[in-house]
Amino acid sequence: MAISEDQKAQVLALHAAGHARNEIARRVGISAGSVTNICRAADRAFDRSETKQATEARRVDLAAGRVRLAEKMLAASEDMLDRIDDEYVVYNFGGKDNTFEQRTLESAPVEVRRNVITTAGITFDKLTRIVEKSDTGLEQAVGVLDTIAEGFAAAAERYRESTTDEA
């Protein structure tokens with residue numbers, strides 16, 4: 001469908017009145033691309049400063065969100081690693097009488113410890129990617145990675161000790 005001269009005149013009038021491209025497109029009933037082409041042909045442009053500011057604000061918000069997420073992931077992993085040598089409760093429901101049994105072990109079984117270490121490793125990997133995408137500063141990134149590395153070293157040492165004891 002061709003755009004009429006009347007529609008072109010409406011586009012230019014609405015542009016002169018300061019309306020945004022998408023608003024003009026809605027009012028006139030044509031595509032936003034057509035509005036852009038009509039204005040470009042008339043040597044007119046749209047002020048993109050608000051779009052640029054909104055895009056920058058969104059980018060900053062996303063970077064801050066990545067850092068908050070990284071901090072939460074780090075805290076959860078540290079908590080799991082800190083408790084890896086604590087007493088561990090195992091339980092069972094079931095049987096024909098639907099009984100509940102519970103026992104406390106001195107520490108988590110090897111497979112549970114392995115899962116904690118694996119989870120911490122995945123967290124480390126994800127945090128590394130999050131920090132790489134964050135432009136909040138190299139110093140903060142190095143601090144997060146140093147903390148994670150220290151936690152891994154401690155967990156690996158505890159894991160080595162527990163597997164040596166079981167052998």
Side-chain angles (χ1 to χ4, degrees), residues 1-86 88 108-160:
M1 183 167 117
I3 298 171
S4 70
E5 291 301 317
D6 183 48
Q7 286 175 312
K8 290 179 183 178
Q10 285 179 319
V11 166
L12 296 175
L14 290 169
H15 179 272
H19 292 282
R21 182 186 71 154
N22 291 346
E23 174 65 21
I24 295 170
R26 277 191 294 277
R27 286 187 181 197
V28 178
I30 61 175
S31 73
S34 294
V35 171
T36 299
N37 292 336
I38 293 166
C39 290
R40 187 179 298 135
D43 289 327
R44 297 189 187 181
F46 288 94
D47 179 12
R48 299 272 188 214
S49 61
E50 287 183 21
T51 302
K52 184 177 179 182
Q53 289 171 354
T55 301
E56 180 62 19
R58 179 73 175 143
R59 189 187 65 73
V60 168
D61 289 346
L62 290 173
R66 285 191 299 270
V67 170
R68 282 192 309 275
L69 179 60
E71 290 169 350
K72 287 180 179 183
M73 291 170 67
L74 177 61
S77 290
E78 285 178 339
D79 182 55
M80 286 190 309
L81 289 170
D82 287 345
R83 294 187 297 144
I84 199 168
D85 291 322
D86 291 354
Y88 187 82
V110 172
E111 63 272 8
V112 172
R113 298 165 71 82
R114 187 178 309 114
N115 287 340
V116 168
I117 301 294
T118 300
T119 300
I122 292 167
T123 300
F124 178 78
D125 182 55
K126 298 299 182 189
L127 282 175
T128 301
R129 291 184 189 152
I130 289 169
V131 170
E132 285 172 356
K133 289 182 181 178
S134 172
D135 60 356
T136 58
L138 180 61
E139 187 175 316
Q140 182 176 8
V142 169
V144 169
L145 293 174
D146 283 346
T147 302
I148 294 169
E150 290 166 8
F152 269 119
E157 183 60 32
R158 283 183 273 191
Y159 185 69
R160 274 190 223 104

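Computed from heavy atoms alone, side chains included, the values below leave out hydrogens, waters and symmetry copies.
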- Query: For the atom pair OG1 (T123) and NZ (K72), what is the distance rounded to the nearest 0.5 Å?
  - Reply: 14.5 Å

- Taken to the nearest 0.5 Å, the spacing of E111 CD from T118 OG1 works out to 12.0 Å

- Q10 side chain near Q7 side chain, heavy-atom distance below 4.5 Å: yes

- Query: Any donor and acceptor pair, going by atom type alone, linking the side chain of R21 with main-chain N or O of T36 inside 3.5 Å?
  - Reply: no

- Task: Could you check if a side-chain atom of T55 sits within less than 4.5 angstrom of a side-chain atom of R59, using non-hydrogen atoms only?
- Result: no

- Item | salt bridge (Lys or Arg N to Asp or Glu O under 4.0 Å) between E23 and R26, intermediate numbers included | CA-CA 5 Å; E23 174 65 21; R26 277 191 294 277; 3.3 Å; yes

- Query: To the nearest 0.5 Å, how far apart are CG in D61 and CD in E56?
  - Reply: 10.0 Å

- Exercise: identify the closest heavy-atom pair between F46 and A20: CE2-C, 4.1 Å

- Note, L81 side chain near I117 side chain (heavy atom, < 4.5 Å): yes

- Mind checking the CG-CZ spacing from L74 to F124? Nearest 0.5 Å is all I need. 11.0 Å

- Query: So, K8 and E5, do they make that salt bridge, N to O below 4.0 Å?
  - Reply: yes

- Presence of salt bridge, E71 and R68, under 4.0 angstrom: no

- Message: R83: which residues meet the side-chain hydrogen bond (donor to acceptor under 3.5 Å, both in side chains) condition with it, sequence neighbours left out?
- Response: D79

- Note on the structure: To the nearest 0.5 Å, atom SG of C39 lies from atom CG of L14 at 9.5 Å

- Not counting sequence neighbours, which residues clear salt bridge (charged side-chain N to carboxylate O under 4.0 Å, His left out) with D85? List them please. R113, R158

- Only residue of N22, I30, V28 satisfying side chain to side chain contact (heavy atoms under 4.5 Å, CB included) with V35 is I30

- Interatomic spacing from NZ in K126 to CE in M73 - rounded to 0.5 Å: 7.5 Å

- Item | Over all atoms of both residues, closest heavy-atom pair of S77 and A120 | OG-CA, 4.1 Å

- Message: Using only atom types and a distance under 3.5 Å, with no angle test, would you say the side chain of H15 pairs donor to acceptor with the backbone of A45?
- Response: yes

